[in-house]
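See below for the structure under consideration.
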Amino acid sequence: EPISTSSIFLSQRVLRRNIAALMLLFVTFTLLAGAKIIPLPAYLPGESAMILPVLESLPEGAPALLIFDYEPALAGELEVSAAPFVDRLIGYRHPHLTILSTSPTGAALAERFMSTTQSRHNYIRGQNYINLGYLPGGSAGILSFAENPHNAMPFEAAWNSAVAQGVNQFSDYAVIILLTDQSETARAWVEQTAARREGRPLLIVSSAQAAPMIQPYLLSGQVNGLVNGLYGGAAFEQATGFSSPVRSYWDAYNLSTLFVAMLIVIGGLWNFAAGVRARRQSLEEV
């Protein structure tokens, strides 16, 4: 008998589209409903709890380097993950921020982040922070900036502003904060700046997919604290009391994860039943 495969491929394609449509509808409904059923994490994870002593030890108005090294596709996750942490930093210590990025889109993402998630602090560009923009060269560019920030980014107007007063070398920053969606980027900043930080803390906010690859640097002491994806941002909001966009995503994130798990269980049971039925039919034919 001829074997027909077109109907099988067609049914699989239809199934995938139906599952995608169900997920989109479910997540959209949960977001629009604005439900707050699932509580935020009760405790900070160990890697995030390490950040609190660092923030408490910072002087008032200290210079801080804030690095935006993530792509627009993951801006949704990184923004809500970093918002509670940066909110606490600005709210308690009012640092003078220097913003930098090794991604061509990082400067624009930084301005979006400051004008949306941190709008209540009224940080004004040129008065409270400077945006140096794009740092080219990858790892070589990072090393060049660590060796001499002024030569690597020769913008005299920015360096002569009141925000950057006192910053002549990399170790003049009281804290370095990296927002990234790639473990390779975190590795570059850790390795290329280690000799120039002179003990200054390096804190990282990462996407959930990059965090496991950053953990070894945290355990070895080369990174002083880590906020891991949406869960880390939610835990930080609960611990600090600052409101942020993470609350509006938390229920949709958890309920959609539960929905996916249910689909996996249903699919497994369906395949099991189909296998049993196929075996019965083969036995009957014999």
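Owing to the predicted nature of the structure, the values given are computational and were not obtained by experimental measurement.
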Linking I/L/V/M/F/W/Y whenever their side-chain heavy atoms sit closer than 4.5 Å, directly or via other members, would [X] and [Y] fall into one cluster?
{"X": "Ile176", "Y": "Leu179", "result": "no"}
{"X": "Met23", "Y": "Phe26", "result": "yes"}
{"X": "Met114", "Y": "Ile67", "result": "no"}
{"X": "Met262", "Y": "Trp270", "result": "no"}
{"X": "Leu218", "Y": "Phe85", "result": "no"}

Looking at [X] and [Y], what are the two nearest heavy atoms and their distance?
{"X": "Val246", "Y": "Pro84", "result": "CG1-CG, 4.3 Å"}
{"X": "Asn224", "Y": "Pro201", "result": "OD1-CA, 3.1 Å"}
{"X": "Ala107", "Y": "Gly133", "result": "CB-CA, 3.8 Å"}
{"X": "Glu71", "Y": "Thr105", "result": "OE1-OG1, 4.0 Å"}
{"X": "Thr102", "Y": "Tyr134", "result": "O-CE1, 3.3 Å"}
{"X": "Phe145", "Y": "Leu135", "result": "CB-CD2, 4.0 Å"}

Spatial distance of atom [atom1] ([X]) from atom [atom2] ([Y]) [nearest 0.5 Å]:
{"X": "Arg196", "Y": "Asp172", "atom1": "CZ", "atom2": "CG", "result": "13.0 Å"}
{"X": "His121", "Y": "Leu89", "atom1": "NE2", "atom2": "CG", "result": "9.0 Å"}
{"X": "Ile214", "Y": "Ser183", "atom1": "CD1", "atom2": "OG", "result": "6.5 Å"}
{"X": "Leu202", "Y": "Arg197", "atom1": "CG", "atom2": "CZ", "result": "5.0 Å"}
{"X": "Leu100", "Y": "Leu66", "atom1": "CG", "atom2": "CG", "result": "9.5 Å"}
{"X": "Asn148", "Y": "Met153", "atom1": "CG", "atom2": "CE", "result": "12.5 Å"}

Does [X] reach the side chain of [Y], with side-chain heavy atoms less than 4.5 Å apart?
{"X": "Leu55", "Y": "Arg93", "result": "no"}
{"X": "Asp251", "Y": "Leu31", "result": "no"}
{"X": "Thr180", "Y": "Ile204", "result": "yes"}
{"X": "Leu109", "Y": "Pro72", "result": "yes"}
{"X": "His94", "Y": "Tyr123", "result": "yes"}
{"X": "Phe170", "Y": "Leu65", "result": "yes"}
{"X": "Leu203", "Y": "Val175", "result": "yes"}
{"X": "Phe259", "Y": "Leu255", "result": "no"}

Can you list everything that forms a ring pair (Phe, Tyr, Trp, His ring centres under 6.0 Å) with Phe113? Sequence neighbours excluded, please. Phe68
Taking CZ in Phe29 as the centre, count heavy atoms belonging to other residues, nucleotides or ligands within less than 6.0 Å. Is the count above 12?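 For Phe29, atom CZ is not crowded (no more than 12 foreign heavy atoms under 6.0 Å).
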Arg187, CZ atom: more than 12 neighbouring heavy atoms under 6.0 Å: no
Does any donor atom in the side chain of [X] or [Y] lie under 3.5 Å from an acceptor atom in the other side chain?
{"X": "Asp69", "Y": "Trp189", "result": "yes"}
{"X": "Tyr129", "Y": "Glu111", "result": "yes"}
{"X": "Ser220", "Y": "Gln222", "result": "yes"}
{"X": "Ser101", "Y": "Ser103", "result": "no"}

For Glu79, give me all partners under side-chain hydrogen bond (donor to acceptor under 3.5 Å, both in side chains), at least two apart in sequence or on another chain.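 Result, side-chain hydrogen bond (donor to acceptor under 3.5 Å, both in side chains) vs Glu79: Arg112.
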For Asn254, enumerate each residue passing the side-chain hydrogen bond (donor to acceptor under 3.5 Å, both in side chains) test, keeping only those at least two apart in sequence or located in another chain. none
Any donor-acceptor pair under 3.5 Å linking the side chain of [X] with the backbone of [Y]?
{"X": "Gln165", "Y": "Asn160", "result": "yes"}
{"X": "Arg200", "Y": "Ala174", "result": "no"}
{"X": "Trp250", "Y": "Tyr231", "result": "no"}
{"X": "Ser81", "Y": "Gly229", "result": "yes"}

Please lay out, stage by stage, how Val223 and Val190 fare under the test side chain to side chain contact (heavy atoms under 4.5 Å, CB included). CA-CA 7 Å; Val223 172; Val190 169; 3.7 Å; yes
I'd like to know whether Ser207 forms a side chain to side chain contact (heavy atoms under 4.5 Å, CB included) with Leu78, so could you lay out the CA-CA distance, the side-chain angles of the two residues, the decisive distance to 0.1 Å, and finally the verdict. CA-CA 6 Å; Ser207 62; Leu78 266 298; 3.9 Å; yes
Presence of salt bridge, Asp87 and Arg120, under 4.0 angstrom: yes
Less than 4.0 angstrom from a charged side-chain N to a carboxylate O is my criterion; do Glu56 and Arg88 meet it? yes
Going through the checks in order, is the side chain to side chain contact (heavy atoms under 4.5 Å, CB included) test met by Glu191 and Tyr217? CA-CA 10 Å; Glu191 296 180 352; Tyr217 296 103; 3.4 Å; yes
Which is it for Ile130 and Leu97 under the side chain to side chain contact (heavy atoms under 4.5 Å, CB included) test, yes or no, and what are the steps along the way? CA-CA 6 Å; Ile130 57 174; Leu97 297 177; over 6 Å; no
